[in-house]
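Here the structure is a predicted model, which means the values were calculated and not measured.
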Amino acid sequence: MNAAFFTLYADLAREGPGEPADVAWAARVAGIAPDARICDAGSGSGGDVPALLEAAPLGHVTAVDKHGPFIDRLLARHGADARVTAYRGDMARLKGPFDFIWCAGASYFLGLRKALGLWRPALAPGGAVAFSAPCWFTDAPSDAARAFWGDFEDTMSAADIAAEARAAGYEVLDTRPLADTAWQAFYGPLSARIDALRGGATPDLRAVLDMEAAQIAAWRAVRRETGYLLCVVRPA
């Protein structure tokens with residue numbers, strides 16, 4: 001993430017769409033225990049940590065992200081809680097054992113099948129993974145929907161996502177699309193941040209602000225055609 005992007009995201013509570021209801025739903029589907037050992041893989045600055053702790057109040061959350069400033073912010077927010085550990089690292093090299101791996105909008109950086117394969121050894125017996133992946137909600141996405149994901153070419157249908165999970169040796173417990181409220185929880189504060197940074201923005205920052213504003217507008221236009229599918233899977 002370059003300096004302009006970090007300037008934009010530095011004061012935000014989260015770096016992607018999501019809401020506590022997503023975590024609560026996934027935890028119920030996975031059947032995690034109150035003392036579950038959880039990994040937040042690709043945690044960002046920890047937007048989902050409170051919901052993960054609520055799902056497992058007697059458990060422990062280990063947050064991993066490769067971007068050091070995000071980990072610094074996460075520790076500033078949650079480091080005083082003995083139930084939270086965070087470190088800068090590679091989510092492809094999780095140690096475990098974990099009862100539940102949560103990955104919000106980041107598994108595709110590794111490739112879904114590869115990510116699930118790499119995470120399987122880090123799961124405790126009976127453990128589960130919850131991830132959100134770009135998904136088509138129609139059999140014929142428009143050009144605008146395809147353009148929404150930019151250069152990312154691995155957006156799949158729900159059936160294809162399930163097939164990738166099965167190919168990695170998992171069974172799919174349940175899926176659901178992220179709701180509009182999850183996107184608005186991200187895009188609302190992001191829009192306000194864009195407006196606040198407009199005055200006096202450098203050319204590099206202005207380019208990032210314009211790109212992100214266009215992305216928000218694009219989502220409003222195509223949100224019935226595409227978005228994130230939240231999936232809960234367990235080794236078969």
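- Leu110 has its side chain within reach of Met91: a pair of non-hydrogen atoms, C-beta onward, lies under 4.5 Å apart.
- To the nearest 0.5 Å, atom CG of residue Leu209 and atom OG1 of residue Thr202 are 8.5 Å apart.
- Distance alone, capped at 3.5 Å, places no donor-acceptor pair between the Arg120 side chain and the Gly117 backbone.
- Met156 and Val172 fall within the same hydrophobic cluster, defined by Ile, Leu, Val, Met, Phe, Trp and Tyr side-chain heavy atoms under 4.5 Å apart, directly or through other members.
- For the pair Tyr9/Arg14, no side-chain contact is recorded, criterion being any heavy-atom separation below 4.5 Å from C-beta on.
- At least one side-chain heavy atom of Phe6 sits less than 4.5 Å from a side-chain heavy atom of Phe70.
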Evaluate side-chain contact (heavy atoms from CB on, under 4.5 Å) for Val49 paired with Val84, printing each intermediate quantity in order. CA-CA 8 Å; Val49 168; Val84 177; 4.0 Å; yes
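- Panel note: side chain Glu15, backbone Ser45; a donor-acceptor pair is recorded below 3.5 Å.
- The CG atom of Leu75 sits 13.0 Å away from atom CZ of Arg88, with the distance rounded to the nearest 0.5 Å.
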Show, in sequence, the C-alpha distance, side-chain angles and deciding distance for Asp99 and Ile32, and conclude whether the side-chain contact (heavy atoms from CB on, under 4.5 Å) test is met. CA-CA 7 Å; Asp99 303 299; Ile32 69 169; 5.6 Å; no
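- Using a cutoff of 4.0 Å between basic side-chain nitrogens and carboxylate oxygens, Arg176 and Asp22 are scored as salt-bridged.
- Of the possible donor and acceptor atoms, one in the side chain of Arg193 sits under 3.5 Å from a partner among the backbone N and O of Thr7.
- Salt bridge status for Asp180 with Arg224: present, with a side-chain N to carboxylate O gap under 4.0 Å.
- Nearest approach of Ala106 to Ala41, heavy atoms of both residues: CB-O, 4.4 Å.
- The hydrophobic clustering, which links ILVMFWY residues whose side-chain heavy atoms are closer than 4.5 Å, places Leu173 and Tyr170 together.
- Ring centroid separation for the pair Trp183 and Tyr228 comes in under the 6.0 Å cut-off.
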Test side-chain contact (heavy atoms from CB on, under 4.5 Å) applied to Phe131 and Ile161, step by step: CA-CA 11 Å; Phe131 63 89; Ile161 292 171; 3.9 Å; yes
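- Residues Ser191 and Ile216 form a side-chain contact, since some pair of their non-hydrogen atoms from C-beta on lies under 4.5 Å apart.
- Heavy atoms of other residues, nucleotides or ligands lying less than 6.0 angstrom from CD of Gln215 number more than 12.
- Leu112 CG to Cys103 SG: the interatomic distance, rounded to the nearest 0.5 Å, is 9.5 Å.
- Under the 4.5 Å side-chain heavy-atom criterion for ILVMFWY residues, a single connected hydrophobic cluster contains both Trp25 and Val23.
- For the pair Tyr87 and Ile71, the minimum side-chain heavy-atom distance is 4.5 Å or more.
- At least one side-chain heavy atom of Asp48 sits under 4.5 Å from a side-chain heavy atom of Trp102.
- From Leu74, atom CG reaches atom OG of Ser43 across 5.0 Å, with rounding to the nearest 0.5 Å.
- Between the CG atom of Leu8 and the CG atom of Leu190 there is a distance of 5.0 Å, given to the nearest 0.5 Å.
- Side-chain atoms of Asp65 come within 3.5 Å of backbone N or O of Gly44 as a donor-acceptor pair.
- The heavy-atom pair separating Glu212 from Phe5 by the smallest distance is OE2-CE2, 3.8 Å.
- Here Asp210 pairs with Arg198 in a salt bridge; the nearest charged N to carboxylate O distance falls below 4.0 Å.
- Here the shortest heavy-atom pairing between Ala82 and His60 reads O-CE1, 3.2 Å.
- Contact check for Trp149 versus Thr155: side-chain heavy atoms found under the 4.5 Å cut-off.
- In plain terms, the two heavy atoms of Ser107 and Ser132 that are nearest each other are OG-O, 4.0 Å.
- For the side-chain contact (heavy atoms from CB on, under 4.5 Å) criterion with Ile101, the lone passing option out of Leu116, Val233, Val129 is Val129.
- Across all non-hydrogen atoms, the minimal contact from Ala4 to Leu205 is O-CD1, 3.6 Å.
- Put simply, Phe137 and Phe148 are part of two different groups of oily side chains (I, L, V, M, F, W, Y) that touch within less than 4.5 Å, one to the next.
- Between Ser142 and Glu225 the shortest side-chain heavy-atom distance falls below 4.5 Å.
- When all heavy atoms are compared, the tightest approach of Pro189 to Leu12 is O-CD2, 3.7 Å.
- Between Lys66 and Asp90 there is no salt bridge, since no side-chain N of the basic residue sits under 4.0 Å from a carboxylate O of the acidic one.
- A salt bridge is defined here as a Lys NZ or Arg NE, NH1 or NH2 lying under 4.0 Å from an Asp or Glu carboxylate O, and Glu164 with Arg113 meets this definition.
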